[in-house]
**Student:** 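Just dropping this structure here.
Sequence lines set the chain letters: A, B, ... in the order given, protein chains first and strands last, and positions in each chain run from 1.
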There are 2 protein chains.
Amino acid sequence: MNVGEVAALAGVTVRTLHHYDRIGLLRPSGRTSAGYRRYAPADLDRLHQVLLYRELGFPLEEVAALLDDPSADPAEHLRRQHRLLRDRLERTQAMVAAVEKEMEARDMGIDLTPEERFEVFGEHDPERYEAEVRERWGETDAHAESKRRTAAYAKEDWLRIKAEGEDLEARFAAALADGAPADSERAMDLAEEHRQHIGRNFYDCPPEMHAGLGRMYVEDERFTAHYERIAPGLARYVGTAVEANAARQG
Amino acid sequence: MNVGEVAALAGVTVRTLHHYDRIGLLRPSGRTSAGYRRYAPADLDRLHQVLLYRELGFPLEEVAALLDDPSADPAEHLRRQHRLLRDRLERTQAMVAAVEKEMEARDMGIDLTPEERFEVFGEHDPERYEAEVRERWGETDAHAESKRRTAAYAKEDWLRIKAEGEDLEARFAAALADGAPADSERAMDLAEEHRQHIGRNFYDCPPEMHAGLGRMYVEDERFTAHYERIAPGLARYVGTAVEANAARQG
DNA sequence: GTGCGGCCTGACGTCGCGTCAGGGTCAAGC
DNA sequence: GCTTGACCCTGACGCGACGTCAGGCCGCAC
């Protein structure tokens, strides 16, 4: 294979392969008489390793050192890559959770502290992760146009969403006042409504994720305070109902 | 707060904040009489948004455009960030799965095709080069290549791991031959041994992940073929045993 | 008043490529 | 055999997002 084909296969540019050749990171194992680079299967293997380590944030020089280390066999690379990927997975999960928490906080008018918001960034030191940009904006005009429209919707929607949320909270409080147990059908149905409320207005929220939110309502004092202001004991009541509903679904 | 404190809080360098000031991405809302930058809470909020979008791979110029768009409210940013983070989560999970698959493949002497390995990297057209690649270095060639490398790296550990794996497979085959059901204690115990074999030699493999591997044995024809060569029906047998064991643990 | 750490503004360096410019190569079709 | 257009080559410069000095000003403790 020559450069163009390898580039297309691996999803990189020809220039990138030139660069890797120049710096000695990946030299094609042959050249034609006219000087064309010719890549063999083993070169593709190496390229694959390079791209994995690159994606994991290693500088190219370090990638070369790792791959040229004669005392490291392929299995060791796989183990290391696996470990790093799982670290990254955890970190991304933490960030997703943080964003969800902030959405909930906004919905309830709670303020998070700056330290708390930066928390998820702080531990992020050992390796740099680079994310690929999936989203590409098209024409600026069309984009601005759509933005303006969605913004118009957003205002109305926001009020509706908030009203819905408050309505739900009121019905939770009523159920509590009526003495309906937190794991009763009535309470679980309200929890399910809450879950679908989130799904419709914010993000897809499967039962398991919803259960996580439920625990947060009990554990985070600001969310607890929000519910307690409506009715004493409501935080734990909602939390229990949400978990019971999640168990019923699973 | 002045630069150093903000930098420490957010986990960036002072130079980065200087840079963001210079390019107009984040100007501190005040200066002391001596010219010291003074950051207000609102500046921290903005910095937080900047870092999130940066982490998601946006160039700084685009980040500025997003944040300065007057028609985009904070909730919209949160929704976008949430969506992008979940995309990333999925992608990372796919990469983890790919690495695990490759480890398993190595353990069994199966080789993956180049385009398969590059699959996770991009949105490349799978149809385009597949035929050509297969034609040029078809299965026998690539297989020989893989064998050569495995042989070159063969160490005592590797031989031991492989022997252990083959021993397990033989005992699975014996259980199948004896007519022990795939969800019998005998089969599940073997599955558990298999899980711990992976944990000792490759990576930590909780039951849930192990169940995923079990499904792969049945769904991926090369893994299926590997087991079927040992005994007919063994692929599905092992897959079922692994899933039953995972269910028993959970 | 004298350190000493923190802050300031240039200004140049680095990494991983993108992007021409100027020119050779190759297989196809006429 | 000749043209054509896609593909390849080697410089060489540019760029984004900072890192890293250099030279000098604050501010507070001792």
**Student:** At less than 4.0 Å, is any side-chain N or O atom of A:H18 found next to OP1 or OP2 of D:dC9? Yes or no.
**Tutor:**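 Yes, because at least one side-chain N or O of A:H18 sits under 4.0 Å from OP1 or OP2 of D:dC9.
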**Student:** Would you compute the distance between atom CG of B:L67 and atom CG of B:L52 and round it to the nearest 0.5 angstrom?
**Tutor:**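 Nearest 0.5 Å value for the CG-CG distance: 10.0 Å.
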**Student:** Does a donor on one side chain and an acceptor on the other come within less than 3.5 Å for A:H77 and A:Q49?
**Tutor:**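 Per modelled atom types, A:H77 and A:Q49 side chains form no pair under 3.5 Å.
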**Student:** In whole Å, I'd like the distance from the CZ atom of B:R31 to the C1' atom of D:dC25.
**Tutor:**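 Computing the B:R31:CZ to D:dC25:C1' distance gives 14 Å.
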**Student:** Does A:R37 put a side-chain nitrogen or oxygen below 4.0 Å from OP1 or OP2 of D:dC9?
**Tutor:**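 It does, given that an N or O in the side chain of A:R37 lies less than 4.0 Å from OP1 or OP2 of D:dC9.
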**Student:** Measure from the side-chain N and O atoms of B:T92 to the backbone N and O of B:R88, and report whether any donor-acceptor pair falls under 3.5 Å.
**Tutor:**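 Between the backbone of B:R88 and the side chain of B:T92 there is a qualifying donor-acceptor contact (under 3.5 Å).
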**Student:** Between C:dC17 and A:Y20, is there an OP1 or OP2 to side-chain N/O distance shorter than 4.0 Å?
**Tutor:**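 A:Y20 to C:dC17 OP1/OP2: side-chain N or O found under 4.0 Å.
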**Student:** To the nearest angstrom, how far is B:E55 atom CD from D:dC18 atom C1'?
**Tutor:**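 So the two atoms are 16 Å apart, to the nearest Å.
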**Student:** Taking atom C1' of C:dC17 as reference, at what distance in whole Å does atom CG of A:L51 sit?
**Tutor:**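 Distance check: A:L51 CG to C:dC17 C1' gives 13 Å.
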**Student:** Any idea which of C:dC26, D:dC26, D:dC18 is nearest the B:A34 side chain?
**Tutor:**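 Nucleotide nearest to B:A34's side chain: D:dC26.
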**Student:** Say whether B:R27 and B:Y20, considering side chains only, have a donor N or O and an acceptor N or O under 3.5 Å apart.
**Tutor:**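 The answer is no; no qualifying pair exists.
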**Student:** In whole angstrom, give the distance that lies between atom OH of A:Y39 and atom C1' of D:dC8.
**Tutor:**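 In whole Å, D:dC8 C1' and A:Y39 OH are 11 Å from each other.
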**Student:** Please report, rounded to the nearest Å, how far the C1' atom of C:dG6 is from the CE atom of B:M1.
**Tutor:**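 It is 15 Å, rounded to the nearest whole Å.
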**Student:** Name the nucleic acid region contacted by A:L60, choosing base, sugar-phosphate or nothing; use a 4.0 angstrom heavy-atom cut-off, strictly under.
**Tutor:**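 A:L60: backbone/sugar contact only, no base atoms under 4.0 Å.
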**Student:** Between D:dC26 and B:T32, is there an OP1 or OP2 to side-chain N/O distance shorter than 4.0 Å?
**Tutor:**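 It does not, given that no N or O in the side chain of B:T32 lies less than 4.0 Å from OP1 or OP2 of D:dC26.
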**Student:** Write down the distance between CG (B:L17) and P (D:dG19), rounded to a whole number of angstrom.
**Tutor:**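 My rounded result for the distance is 10 Å.
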**Student:** On DNA chain C, check which nucleotide each of B:G4 and B:R15 is closest to and give me the residue with the more 5' one.
**Tutor:**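 Closer to the 5' end of DNA chain C: B:G4.
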**Student:** Without decimals, in angstroms, what is the distance between B:Y36 OH and D:dC26 C1'?
**Tutor:**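 Value for this atom pair: 4 Å.
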**Student:** Measure the distance from NE2 on B:H19 to C1' on D:dC15 and round it to the nearest whole Å.
**Tutor:**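 Distance, rounded to whole Å: 11 Å.
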**Student:** Quick one: is C:dC17 close enough that its OP1 or OP2 comes under 4.0 Å of any side-chain N or O from A:T13?
**Tutor:**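 So the side-chain polar atoms of A:T13 never come under 4.0 Å of the phosphate oxygens OP1 or OP2 of C:dC17.
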**Student:** Under 4.0 Å between a side-chain N or O of B:R22 and OP1 or OP2 of D:dA17?
**Tutor:**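 No, no such contact exists.
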**Student:** Taking all non-hydrogen atoms of both residues into account, name the closest pair between A:V63 and A:R54 and its distance.
**Tutor:**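 The answer is CG2-N, 4.4 Å.
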